[in-house]
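First comes the structure, then the notes that go with it.
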Amino acid sequence: MAKLNFGGVEEEVVTREEFPLEKAREVLGNETIAVIGYGVQGPGQSLNMRDNGFNVIVGQRKGGKSWDKAVADGWVPGETLFEIEEALQKGTIICYLLSDAAQIELWPTVKQYLTPGKSLYFSHGFGVTYKDQTGIVPPADVDVYLVAPKGSGTSLRRLFVEGKGLNSSFAVFQDATGKAREKCIAMGIGVGSGYLFETDFYREVTSDLTGERGTLMGAIQGIFAAQYEVLRSNGHSPSEAFNETVEELTQSLMPLVAENGMDWMYANCSTTAQRGALDWWKPFRDATKPVFEQLYNSVKSGEQARISITRNSQSDYREKLEEELRELRESEMWQAGTTVRSLRPERS
């Protein structure tokens with residue numbers, strides 16, 4: 001493993017230099033990788049592994065939109081695309097990439113096909129960590145591990161096509177064969193990870209649930225809404241409020257952060273912007289840190305898992321979800337966003 005220095009803190013990670021793709025192919029050369037689910041992570045991971053030369057099949061319910069999407073992506077019914085149970089039977093590595101709620105529902109079926117020596121692969125520690133609520137308890141004679149890309153399956157695929165990689169965490173929960181760690185890392189390389197950092201199932205799920213509810217989605221939406229509403233209530237137009245709140249951040253500043261870091265972005269803004277940012281970042285930190293602590297404690301206690309399982313398992317969940325998403329989609333801020341994006345000039 002390579003050692004990286006994070007501001008004086010050393011961490012061991014796996015890069016593609018010490019664990020090249022050729023080695024990953026060798027480790028998994030006799031495996032049939034069955035990707036169960038073709039929703040958020042399934043397409044990106046399966047397509048990247050296929051393009052990297054692994055033996056991959058997809059298991060999906062026939063007749064639905066995801067089945068049709070898989071066919072459109074080049075998976076061939078009866079050859080590389082199968083009904084779920086047939087894929088489970090054929091697979092030696094079962095990539096369980098359904099939603100958390102769907103994993104709970106399908107688990108009794110999946111468990112039947114986890115014969116000794118097989119691997120059960122996740123991209124989220126939820127089902128195993130909260131086993132008292134999910135009922136997902138893997139048999140003792142199979143390997144259980146995860147690779148969790150730090151982004152959506154869409155981003156994983158896009159970066160792969162561009163010749164880049166999305167960083168991922170990896171963890172081994174159960175090593176029945178003595179080869180789980182090596183297979184786990186090989187899977188991480190196979191799906192197109194930039195580098196791999198080690199965690200465990202519990203830390204993966206607690207950090208992930210906190211991040212989703214925090215800076216990745218929940219907190220950023222809340223901050224966007226707060227600033228937009230303050231600007232609008234003080235007479236600024238929708239264009240001005242949206243551009244200053246969202247467009248400049250996502251189109252101008254965040255790409256600079258992604259490229260070279262927050263400090264570099266600060267250094268390449270006006271001195272007026274620098275001064276304001278330096279004066280105000282600590283008040284924002286102090287105001288929001290208690291919320292993040294409350295959020296993390298709710299995740300740690302299992303309350304967020306309970307809420308997610310309860311609501312996502314309701315028969316009318318999709319209808320209720322659509323109503324909540326419609327509230328966001330039809331808000332003035334995101335209606336303004338639709339208009340602003342439509343006016344971005346095309347590159348000539």
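One-based numbering along the sequence shown.
Side-chain contact, Q112 with T109: no donor N or O sits under 3.5 Å from an acceptor N or O. For S301 and E303, the side-chain atoms include no donor-acceptor pair closer than 3.5 Å. When only modelled atom types and interatomic distance are considered, N312 and S308 share a side-chain donor-acceptor pair under 3.5 Å. Side-chain atoms of S169 and T199 form no donor-acceptor pair, as typed in the model, at a separation below 3.5 Å.
Ring to ring, Y296 and F292 are not that close: their centroids are 6.0 angstrom or more apart.
The pair E323-K320 fails the salt-bridge criterion, with no side-chain N (NZ, NE, NH1 or NH2) lying under 4.0 Å from an Asp/Glu carboxylate O.
Ring-plane geometry between W107 and Y96 is classed as tilted, the angle between the planes lying from 30 to 60 degrees on a 0 to 90 degree scale. Between F173 and F201, the ring planes lie tilted relative to each other; the angle falls in the 30° to 60° range.
Every side chain to side chain contact (heavy atoms under 4.5 Å, CB included) that M262 has, sequence neighbours left out, goes to V257, M265, Y266.
For R318, the CZ atom counts as loosely surrounded, since its 6.0 Å shell holds 12 or fewer non-hydrogen atoms of other residues, nucleotides or ligands. Residue-environment remark: CD (E293) exceeds the threshold of 12 foreign heavy atoms within 6.0 Å. Few gaps surround CD on E319; more than 12 heavy atoms of other groups in view lie less than 6.0 Å from it.
Side-chain contact between Y121 and C184 is absent, with no heavy atoms from C-beta onward closer than 4.5 Å.
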Q: Start with the C-alpha distance between D73 and K69, add both sets of side-chain angles, then the distance that settles salt bridge (charged side-chain N to carboxylate O under 4.0 Å, His left out), and finish with yes or no.
A: CA-CA 6 Å; D73 285 342; K69 175 174 170 51; 3.5 Å; yes
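For the pair K183 and Y145, the cation does not sit on the ring face, since its NZ or CZ is not both under 6.0 Å from the ring centre and inside 45° of the axis.
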